[in-house]
Amino acid sequence: MEIKIETLSLTLSFKNAILEVDSLKQFLDSSLKSIKNDEYDFKLKYKNGIIIADALDSIFKEKGLEKQKQRLEEINNIKINDQICIKDILNIILSEDDIKDGVLSKISYVILNQNTYKNNNPKIVRKKEAMFDSQKRLLSQSILSSIVTLFEAYLSEIYELLIISNHSEYLSNKQINISQIFNVSIKDIIHNTVQHEVEQGMYDSLATLDSLKEKSKVNIDRYCPIRKTFEEIYYRRNIYIHNKGFVNEKYISKVDSSVCNNIKIGEYAECSEEYLYRAIRLLKIVISTLYYELLNTQICEDKKTYYALSEVGFEALCNEEYDIAEHIYNMLRNQKTFEFIDKATYQVNYLNALKQQGKNYKKELSEFDVSIATDNFKIAKLCLEDNFEEVYKMLQKSYPNSFNAEALREWPLFIDFRKTDFYKEFKENHISDFNEFVFEDSQQSENSLSNCEEEIDDIEGAMVP
């Protein structure tokens with residue numbers, strides 16, 4: 001028995017997942033800003049202490065007590081400012097008693113001015129620096145954990161919907177005790193069976209991806225290989241949770257060598273800001289791809305479900321997340337069931353994403369035939385060709401039927417046109433239009449979100465013959 005899922009369940013679930021990803025990015029933004037601000041304040045407040053701590057560390061790097069004493073003499077005369085040297089702040093003591101097996105183990109010192117004890121104490125400086133390092137590690141751990149959690153949360157929804165719509169494939173070998181029929185309603189039995197299957201699948205979410213590929217042809221690598229890169233993030237999260245970020249044998253055995261940058265066992269898998277932001281963008285690509293693949297199983301016959309994906313791609317273009325836009329519009333432009341106007345729109349956005357990344361797009365652009373298309377597609381191609389004089393001329397003839405002021409002012413298609421004098425002139429000629437903005441009511445979609453889970457429960461009940 002085949003079950004069709006309503007549009008609302010699919011689109012709201014997907015939009016909510018994307019919202020969670022955007023919230024995670026915002027969390028990373030604010031967390032990094034907070035840490036950087038605290039570090040900046042620390043470096044100002046403990047400026048002298050940092051100089052002293054670095055100087056003392058340089059003593060440990062010297063080999064032999066005599067060289068270390070020579071280094072100490074140099075350190076004593078290091079100027080903190082025009083009037084003060086390190087020797088005016090600290091009395092540094094090197095003792096042979098502190099040498100163990102020929103290695104200097106510690107350096108004693110006396111802070112001469114107790115009023116500046118905290119700011120000049122190198123021990124306090126190093127402790128605070130260690131705290132900043134710990135904060136960055138914990139932030140990386142939090143972001144990586146959240147990425148996996150959000151991925152598995154959305155995958156579980158995908159898995160549930162596929163089980164519901166194709167239960168004969170996923171539940172054919174499941175059995176129930178005859179006593180359950182008398183003690184629990186059929187609807188509850190079905191619900192519990194589906195939920196149990198989903199929960200079991202999330203114990204190994206990557207294996208569940210394989211199961212979806214086998215049973216429902218859901219393939220996240222269909223248009224662009226992303227799984228290996230995402231798996232590296234998945235397993236990096238594991239070593240941050242279980243091994244404080246240090247690479248272990250399991251990470252090496254699970255991660256493809258092409259995406260792990262030759263990192264060795266025992267090395268620290270540092271997560272730079274760039275890595276974390278790239279990982280969040282990849283999460284959005286993975287979720288978008290899962291949604292697209294789900295729609296392609298014909299779980300829902302409403303073509304409007306694809307528009308939610310296009311909206312995410314368009315927002316990515318607006319936010320200069322061109323890699324996300326490229327991936328989404330590459331999928332959409334390959335959807336054979338779309339009409340020309342939709343496919344052409346997705347092709348324009350795909351080519352623009354390539355253009356803004358500096359990738360080669362000219363060959364595909366030359367093959368994009370708009371000879372019998374409407375003016376807006378002709379203008380779009382001229383924009384991609386950087387033929388802005390012709391864009392200006394066509395806008396003069398077709399405005400606002402082709403593109404209105406809002407589109408010219410905000411759409412990423414015109415990002416390069418807006419840098420030209422042609423745009424400035426056109427804007428001045430229609431300044432009243434360009435100064436007008438629209439605020440839309442979003443209450444209706446927010447109210448609909450609360451009904452999504454109830455709808456899925458109703459669908460589970462509908463599986464009863």
Output the distance between atom [atom1] ([X]) and atom [atom2] ([Y]), rounded to the nearest 0.5 Å.
X: Lys250; Y: Tyr235; atom1: NZ; atom2: OH; result: 7.0 Å
X: Leu138; Y: Asp133; atom1: CG; atom2: CG; result: 11.0 Å
X: Leu28; Y: Ile280; atom1: CG; atom2: CD1; result: 4.5 Å
X: Asn352; Y: Ile415; atom1: CG; atom2: CD1; result: 7.5 Å
X: Ser31; Y: Leu139; atom1: OG; atom2: CG; result: 5.0 Å
X: Leu384; Y: Asp416; atom1: CG; atom2: CG; result: 9.0 Å

Before you tell me yes or no, could you show the steps for Tyr159 and Ile163 under side chain to side chain contact (heavy atoms under 4.5 Å, CB included), namely the whole-Å CA-CA distance, both residues' side-chain angles and the distance that decides it to 0.1 Å? CA-CA 6 Å; Tyr159 194 26; Ile163 293 173; 3.8 Å; yes

Phe314 and ring pair (Phe, Tyr, Trp, His ring centres under 6.0 Å): which single residue from Trp411, Tyr350, Tyr346 fits? Trp411

State, yes or no, whether a side-chain contact exists between [X] and [Y] at a heavy-atom distance under 4.5 Å.
X: Val255; Y: Ile263; result: no
X: Pro122; Y: Tyr109; result: yes
X: Leu144; Y: Tyr275; result: yes
X: Met331; Y: Leu309; result: yes
X: Gln141; Y: Ile241; result: yes
X: Phe403; Y: Asn376; result: yes
X: Phe14; Y: Thr305; result: no
X: Val103; Y: Phe60; result: no

Can any side-chain N or O of [X] pair as donor or acceptor with the backbone N or O of [Y] at less than 3.5 Å?
X: Gln26; Y: Asp22; answer: no
X: Asn243; Y: Phe246; answer: yes
X: Asn37; Y: Lys33; answer: yes
X: Thr208; Y: Asp204; answer: yes
X: Thr297; Y: Leu294; answer: yes
X: Lys284; Y: Val21; answer: no
X: Ser13; Y: Leu10; answer: no
X: Ser134; Y: Ala130; answer: no
X: Arg227; Y: Leu206; answer: yes
X: Thr289; Y: Ile220; answer: no

Are Arg222 and Tyr292 in a cation-pi contact, defined as NZ or CZ under 6.0 Å from the six-membered ring centre and within 45° of the axis? no

State whether Phe437 and Arg409 meet the cation-pi test: NZ (Lys) or CZ (Arg) under 6.0 Å from the six-membered ring centroid, and within 45° of the perpendicular axis. yes

side-chain contact (heavy atoms from CB on, under 4.5 Å) filter on Asp38, not counting sequence neighbours, yields Ser34, Phe132

Restricting to side chain to side chain donor-acceptor pair (under 3.5 Å), what partner residues turn up for [X], sequence neighbours left out?
X: Glu410; result: none
X: Tyr154; result: none
X: Lys244; result: none

One pair to check against side chain to side chain contact (heavy atoms under 4.5 Å, CB included): Leu90 and Ile111. What are the steps and the verdict? CA-CA 5 Å; Leu90 294 187; Ile111 296 181; 3.4 Å; yes

Can you name the closest pair of heavy atoms from [X] and [Y] and give their distance?
X: Leu290; Y: Phe151; answer: CD1-CE1, 4.2 Å
X: Arg71; Y: Ser58; answer: NE-OG, 2.9 Å
X: Leu155; Y: Ser205; answer: CD2-O, 3.5 Å
X: Cys318; Y: Pro412; answer: SG-CD, 3.6 Å
X: Cys260; Y: Tyr251; answer: CB-OH, 3.8 Å
X: Ile59; Y: Ile75; answer: CG1-CD1, 3.2 Å

From CA spacing to verdict: side chain to side chain contact (heavy atoms under 4.5 Å, CB included), Tyr291, Thr11: CA-CA 9 Å; Tyr291 179 67; Thr11 57; 3.4 Å; yes

More than 12 foreign heavy atoms under 6.0 Å from [atom1] of [X]: is that the case here?
X: Met131; atom1: CE; result: no
X: Glu367; atom1: CD; result: yes
X: Lys215; atom1: NZ; result: yes

Per-pair distances, 0.1 Å, donor-acceptor, side chain in residues 40-56, under 3.5 Å, sequence neighbours excluded:
| unit_1 | atom_1 | unit_2 | atom_2 | d |
| --- | --- | --- | --- | --- |
| Asp54 | OD1 | Arg126 | NH2 | 2.8 |

Please tell me whether Tyr170 and Glu197 have a donor and an acceptor in their side chains that are separated by less than 3.5 angstrom. no

Tyr307 versus Asp302, side-chain donor and acceptor atoms under 3.5 Å: no

Might you work through the salt bridge (charged side-chain N to carboxylate O under 4.0 Å, His left out) test for Glu39 and Lys136, ending with a clear yes or no? CA-CA 11 Å; Glu39 276 192 306; Lys136 293 173 185 176; 3.1 Å; yes

Does the pair Lys228/Glu231 count as a salt bridge with the N-to-O cut at 4.0 Å? no

Take Asp29 and Lys25 through the salt bridge (charged side-chain N to carboxylate O under 4.0 Å, His left out) test and state the conclusion after the steps. CA-CA 6 Å; Asp29 288 340; Lys25 180 180 179 295; 3.4 Å; yes

Could you please spell out the steps behind the salt bridge (charged side-chain N to carboxylate O under 4.0 Å, His left out) verdict for Glu293 and Lys213? CA-CA 10 Å; Glu293 289 291 311; Lys213 183 177 181 180; over 6 Å; no

Tell me, which pairs form a side-chain hydrogen bond (donor to acceptor under 3.5 Å, both in side chains) where one or both residues lie in residues 261-273, sequence neighbours left out? Lys36-Glu273, Tyr240-Tyr268

Walk me through it: do Lys355 and Asp386 pass the test salt bridge (charged side-chain N to carboxylate O under 4.0 Å, His left out)? CA-CA 11 Å; Lys355 178 187 178 186; Asp386 292 337; 2.5 Å; yes

